[in-house]
Amino acid sequence: MVFLQRSRPANPRKRPSPPPEAEPPGPTGADPAGPSAAVDAAAALLADAGCTLLVPPHQAPPLPSPHAFAARLGRALSADHSAAPRLLAGVAAFAAASPARLRQLLLPAAPHAPSLARALLSVPALQPGLLALLLEKLPEHFDDGGGGALDGLPLQDDVGRLIVSQFRWLDFLADADAFVEKLVEVLSVAPPRLKKEIIGSLPEIVGDQSHAAVVVALEKLLQEDSEVVVAVLDVLSDLNLNEELQEQAVTIAISCIRTIAPDQMPHLLRFLLLSATPANAGRIILQIREQLRFVGVVDPWAARSKKLKGKASANSTDGAILDTLRSGLRFKNMLCEAFLKELKTVDHPKDHKVIDVWLIMLIYANGGALQKSAEKILKSKILRGCIRETLFDQCIRGNTELVKEHFMSFLSVSDYLLACKEEKAREFASYLFTALFEEFTDMYFRQELVGSLVAHIGSGVSYEVLSSLDIMISLTSNNSEELIPISSHITGILDYLESFHEDNLRKVYDIFCQLALAAGFNTGSGGSSVANELLMVVRKQVSNPDMKYRRMGIIGALRIVSTIAHVDANAAVNCSSYQQPNCEEALELLKMSVNSCKFVTLPLIFLYDELAALLESKVLHSAILEWVGDYVAEFDTPFLADLNNGELSEKHPYDGIEGELWMNLDGDVSPICVNIMPIASTMPQKSQPCLQILPSQFSLLTTIERLVNEGSLGGINALLGCPLHLPSTKHLDGAKWGNLSGLQKKAVCHSLYYAINWIRELLNAFSTQVASRVDNFSQKARDETAVKLLKRLRNLILLEGLLNAFLKNYPLSLPELRYLGDCSGSPSTSKFNLPKKMGEESMDGTSSNKRQKGCKDKAASEKGNPDDKINQPTILDAFKRAGVTVSQTTNKASSQLSSSGMMSKDIEQEANDPGELGLVDLMTAPVQLDMQRFKFRTLHTRCLSLLNYSDCQDSSCSSLETELPIYLYLLRDLHNKLDNLNPATKPFLSTSQPKCSHVHCHDNTQEFLDKIQPLFSVLRKHLDGAISMIRDESESCTDNWSSHSSSASNPDIPYVVVSKSSIATAVCKEILGCYRKLVAIPDLLNQPNMSGLKQLLQTLQPTENFDDILSEFQPSLAPSNVDYLYCGACKMFEDIMDPVCSFSYLLSSDVLITMQSIVNSVVVLLDESGESNQKKIQIGCFKAIIPFLRKRLGQSAHKLLTADQPSEHAENGWQGKGDLIQKILQIYLRNSESTSDLLCELCKALTQHEENTGTLNKTIKQALKARALPERGSIDTILEEIQKSVEAFVYLIQMCKTHEKVSIHAMAVKHGGKYIDTFLKAFNLLETQFKEHNAIILKMLKELQKATRTIQTICSEAKGYKRTMITSKVPPAKRSLEKFLFQVKALLHNCSTEKKFWMGNLKHKDMHGHVVSSQVYGSVDDEDEQMETDSDTPADENDNTMDEDAAEGSNDVPMEEE
């Protein structure tokens, strides 16, 4: 110990050369005989090998060639077995003498030469002992230098590190296990820094055979000391581990995720990601998702308040973690796939974490195929509500620096979501755009974001444009000042103005108005470039002669006026000095817009309507209201005429037509009349524009009047009851009508047309007095106004009936009374693409139709079937080409009336027929008017409030019978509005498309639903009343309509009648149609509108208690819940079915289809709310009611199918009965428990209903495709179901032998081939079950062979007779039959029953089984070939050349869903 103490000062940072007395001065005094002798013996052995051990302490012993030295020493030690222990003892004594001597053994003599200790370790006999010696010496030097190189001590002075370095890269280890064991023991007690040094050197020290022990040791070490995680991970990465040890290493790393220090997490993740294999990738990803925590996640609410903005740095721990994950995922797709697969299995929102969002963004940034997968999964999660805004909040809010590197990925994801069809995805995109804009204040990022939004706005996709504009409006409303510096990027929206419809144009101008308002609209005091550019664009557009651009300018000008002249309701009336220039600017712009449109009809109509809507929606400055009021005050000058005691002051004919006053509700006290006929009878270029603007100008007048007089229209109340100056009724007689010239007929039609629209605007204006409460309007005045409005409705019904009859006799294109630019698909609809003959006639009123008539006769002579040639375009075709669709009632009526849908040439012929007009039934749908209904003025939603009022004061007759015509008119209008509200809904009984018309006056769906909610109870009341009339079948008062028509001052026209028998049916159909449309509105099924849905369902409850039919539900349904209300609604329609079924088959089918809409609504409701049972509990609806409702629906369909059909006269010439029965059969089959049994039953009974064969073919095909295999049940049950399906199929195909219509054969070929394709999917099942069920399978195949042979015969006949309707379907059917043939052969071959199958040529037989002696078909005339569509020619001669057909068993799996 004395020696050691004396040697300690010998380790300075810069050690001088050792003094000569470095060795002990008196070795004899210390009795060094033992150690000295051992050292001498060792020195002698080494000297024999060529090494001098005893050298000065500051020098390393010199070595000859290391390899030669080790070889010589090894030979010497092997020759003398006692030499090795003596050498080790000497080396130990030498090392124990002093640290300097130990260092001599460890230091190399030359820069690239090994040390003496390293050379001795190459000798096998010495290695174990020397290793043990060095390991024993290592703890003595743990404290040398206070920590080693990291504290500045060089390697040559750090004995501990020198010892460790001797163990590296040894050629061999004589006793590896013992060495590793001792090394681990030393490692467990080593200081931290030396411990890391040793751990880091393990791959260079230990061989592969010891890796298992090393892994176990490292695992134990990690449990004791977590500070060495990084070093251990590095070692595990460098070790050459087998699969088992690698998995063990991964497990060790995973166990450290929760305990590791945050700054060491990137190292751990890097190891895990690099260690991932296809076998463990899923486990690694799962553990990372569950255990990784972002240390920098901030409170999103605090971040929103900017308290923590930018707090997370890209160089922080989170940034390093993200960099590690990004590099790990970039080139390992299996990790990305494993994460996406794992994420798919996570269903609950609370199980999703912030790391999920980041991993999605990292995978998305990598691009490639996985980018699409990441997009789809993210979209799916958002739609299901699993990933919510809070997760992205934690990623974005307060982490500006962290998100900055991934900004483009977030923006790209936002772009993808914004382009999705689903509204929920676009709402999420809106949040992302807003969050990114608010978090990133740097100009570059905001420019990128705004540029992306502008690109979406210009995409041309309606829903994408709409959502993008909403986002931009939100940004400009909340951050307008921040957007001003980048406003030049936003002006790119102006490039897309031509593609926007009116609602989007309003939003675009709102965006620029907000920016201009923030920058300052006061252009006189400097102004802003945004305001100047906006005003310049609008002025150019308003002055443009093209209607498309003028429309944009009108919208833009009025949006600017509404922005800069808008005042709050609580603000002072007068402008401040700062606001005054803005008001003047707005007024100047409004005047300029009006002046530019003053002499152009359609733009002026559009301007009036837009201005009226603006005045109703916003409170403008008093100067604007005053100017508009003065402008419209000139209304009475051109349009009104004075009366003397209720009579015209002058009576003279206009263009040969006498006039008279119609519909005078005020009698002699009326001072004025609406001067329609005199204006309509003058020259068109002077009169028509004047009358065209009459309704829109009156609408603007009433709007101003209500604003000025606190909602009251008392100042213009005389207009409601004043008469109309119209043509005398004597000109409307059938014979006299035929004698009128073309111009006179046109004047009469136009007069009636303008009168109709005048009354519609009266209803719009004065319905405000009864629909809402007006303070200065008494209840008595309200009731009187309601009575007058109901009388005006009777006037309207008469006028529309007359005009419809005249247009049927004299086709005419009516002028437009509202702008239809968005509906027509063209910049202007003033040149609407109608058939030329509709509006053109010679000056004397006779259409020049001789040439057309000759062409028609020639065409008729060329072909007996006119449908085979191209028809001359009809009015309906012209409307379709122009983008306009016809109302549902039009299509219904066109299917019933032979005159609807007639060709223009037929119309011309009838127009020139001076015969009588015939009876005009006012209750029949006005087909001719409905085709041009889009040009009419729209009835506002508030007019529907008249359904609550009654004008019947005669107790001798039923009030309901009297007023049903009025209610029918309003119900048709409501039905039309619902069609436009939900255009995606396809009517079940009609192929009509939704109309494009502004029926809601810019109301959105929510506003419309709020307005019509009070009508729910009214609809039920009128439905009950109509059903009561049908049930009672009581005779109506014969003079009900005429008496009330007289009270409404309608003229007495003899040929005008009201078909009382059809009123109740029509009312029921319209109300049922309204119910179907209501329950199909998506917004009504949302959680916020649940109260509205309940209110609707509550009005549909039966009058009697029905709890007994709900007894199967346990627990019982609560009457206040939605599921109970749905059940009650279905029960109510079931109760209606009984009285209706015996009266009208069409009406009863309407009831059934309405029941189906109710069931579909339940399904949609549960799907949209079905995230969890909790949501279903909140809405009070459970899926258990769906089977119950389906069962009731199927029973009702069965009842309707088995009921006796009413007589044809009750159905008014019912056509298309087969299509209707097809739909009823679909409902019956899809909502019944055993479809196969029903199919067999229906097919066997089909011979009694020959006309329904083709329909049933379609039904079978659709029902079989829709049904799935039973989830539970024996194989026997499944095979029985298949057998029943095969029997039904064979029944249908075999009926082609008795039904020779080409259309039926074509359906048999088409759907037969598809049936076979579906059946082929069952062959795997049949093969596995053949041994146990071969009897039923063979029976099934043999049965199916009958159908396949029949199909082959049909195909061959069609080819011989050149029936193209069938031959076009033959190739796919032949392919299906061929596949079926070989599938059967393979099935029987694999089951070792080849003897049951053979192939051969079939005899040529016709459909009746007669052998055809020749393959040559008789000549078939071309004319006969063209009559395939409805050909009844028997297929007598069939020389079918079927090449090969087998004893084909054909199996189809009808229960399997495609």
Side-chain angles (χ1 to χ4, degrees), residues 265 269 273 285-301 303-304 308 311-312 314 316-326 328-330 335-367 370-418 420 424-440:
M265 181 62 75
L269 293 176
L273 297 178
I285 290 296
L286 175 62
Q287 296 300 323
I288 290 177
R289 281 194 67 254
E290 290 183 351
Q291 301 188 38
L292 179 62
R293 297 291 184 271
F294 273 78
V295 297
V297 173
V298 297
D299 180 11
W301 298 106
R304 287 182 179 180
L308 300 174
K311 195 162 188 176
S316 66
T317 301
D318 286 347
I321 290 174
L322 290 179
D323 289 340
T324 302
L325 292 173
R326 177 172 54 185
L329 296 174
R330 180 169 297 172
L335 285 172
C336 302
E337 293 171 356
F339 166 70
L340 296 177
K341 183 179 179 181
E342 173 65 23
L343 190 60
K344 286 181 181 179
T345 62
V346 183
D347 295 328
H348 203 278
K350 68 178 182 181
D351 295 330
H352 290 78
K353 305 177 178 8
V354 176
I355 186 63
D356 294 336
V357 175
W358 279 114
L359 287 174
I360 289 176
M361 303 309 299
L362 294 176
I363 294 174
Y364 183 89
N366 289 340
L370 290 177
Q371 185 182 67
K372 295 293 183 182
S373 300
E375 288 176 345
K376 292 179 180 178
I377 292 177
L378 178 61
K379 174 184 171 181
S380 173
K381 294 288 184 180
I382 291 174
L383 294 180
R384 289 186 292 158
C386 296
I387 291 183
R388 299 178 177 175
E389 297 176 359
T390 52
L391 285 180
F392 278 87
D393 257 347
Q394 296 177 42
C395 293
I396 298 174
R397 303 289 185 180
N399 295 315
T400 304
E401 295 298 324
L402 188 64
V403 181
K404 183 181 293 185
E405 296 182 8
H406 308 277
F407 176 82
M408 295 310 299
S409 296
F410 278 91
L411 185 58
S412 298
V413 168
S414 304
D415 290 335
Y416 167 74
L417 294 175
L418 189 56
C420 292
K424 193 170 184 179
R426 299 198 304 275
E427 290 175 354
F428 203 93
S430 175
Y431 154 75
L432 286 179
F433 273 104
T434 304
L436 291 173
F437 183 87
E438 293 176 352
E439 191 65 27
F440 289 88

(message) Consider ring-ring contact (aromatic ring centres under 6.0 Å, His included). Of Trp358, Tyr416, Phe440, which one does Phe410 pass it with?
(response) Trp358
(request) Would you give the length of the straight line joining atom CG of Leu417 to atom OG of Ser430, rounded to the nearest 0.5 angstrom? (result) 11.0 Å
(message) Within this structure, what is the CG-CD1 distance for the pair Leu340 and Ile363, rounded to the nearest 0.5 Å?
(response) 4.0 Å
(request) Please answer whether the main-chain N or O of Leu383 pairs with a side-chain N or O of Lys424 as donor and acceptor at a distance below 3.5 Å. (result) yes
(message) Under the criterion side chain to side chain contact (heavy atoms under 4.5 Å, CB included), I'd like the reasoning laid out for Leu362 against His406: C-alpha separation, chi angles, the key distance, then a yes or no.
(response) CA-CA 8 Å; Leu362 294 176; His406 308 277; 3.6 Å; yes
(message) With a 4.5 Å cut-off on side-chain heavy atoms, are Gln394 and Asn399 touching?
(response) no
(message) Restricting to side-chain contact (heavy atoms from CB on, under 4.5 Å), what partner residues turn up for Leu273, sequence neighbours left out?
(response) Ile288, Leu325, Leu335
(request) Please identify each residue that fulfils salt bridge (Lys or Arg N to Asp or Glu O under 4.0 Å) with Asp415, with sequence neighbours left out. (result) none
(request) State whether the side chain of Arg426 and the backbone N or O of Cys420 hold a donor-acceptor pair below 3.5 Å, judged by distance alone. (result) yes
(message) What's the separation between atom OH in Tyr431 and atom CD1 in Ile382, rounded to the nearest 0.5 Å?
(response) 10.5 Å
(message) If you compare all heavy atoms of Cys386 against all heavy atoms of Asp347, which two are closest, and at what distance to 0.1 Å?
(response) SG-O, 3.0 Å
(request) Identify the heavy atoms of Pro349 and Gly385 that sit nearest to each other, and give their distance. (result) CG-O, 3.5 Å
(request) With the side chain counted from C-beta on, respond yes when Val346 and Lys381 share a heavy-atom pair under 4.5 Å apart, and no when they do not. (result) yes
(request) Would you check if Phe433 and Leu418 make a side-chain contact, meaning some heavy-atom pair closer than 4.5 Å? (result) yes
(message) Using 0.5 Å steps for rounding, measure from the CD1 atom of Ile396 to the CG atom of Leu391.
(response) 11.0 Å
(request) Quick one: list whatever passes salt bridge (Lys or Arg N to Asp or Glu O under 4.0 Å) with Arg326, sequence neighbours left out. (result) Asp323, Glu405
(message) Please check this pair: side chain of Glu439 against backbone of Gly398, looking for a donor-acceptor N/O pair closer than 3.5 Å.
(response) yes
(request) Over all heavy atoms of both residues, which pair between Cys336 and Asn366 is shortest? Give the atoms and the distance, please. (result) SG-ND2, 4.2 Å
(request) Under the side-chain contact (heavy atoms from CB on, under 4.5 Å) rule, collect the residues that match up with Asp356, sequence neighbours excluded. (result) Arg289, Phe339, Leu343, His352, Lys353
(request) Apply salt bridge (Lys or Arg N to Asp or Glu O under 4.0 Å) to Asp351 and list each qualifying residue two or more places apart in sequence or on a separate chain. (result) none
(request) Side-chain contact test, heavy atoms from C-beta onward, threshold under 4.5 Å: evaluate it for Lys379 versus Phe428 and give yes or no. (result) no
(request) Please name all residues satisfying salt bridge (Lys or Arg N to Asp or Glu O under 4.0 Å) with Lys341, sequence neighbours left out, ordered by chain then number. (result) none
(request) Working to the nearest 0.5 Å, report the span between CD1 of Ile355 and CD1 of Ile321. (result) 7.5 Å
(request) Please round to the nearest 0.5 Å and tell me the distance separating atom CD1 of Ile377 and atom OH of Tyr364. (result) 14.0 Å
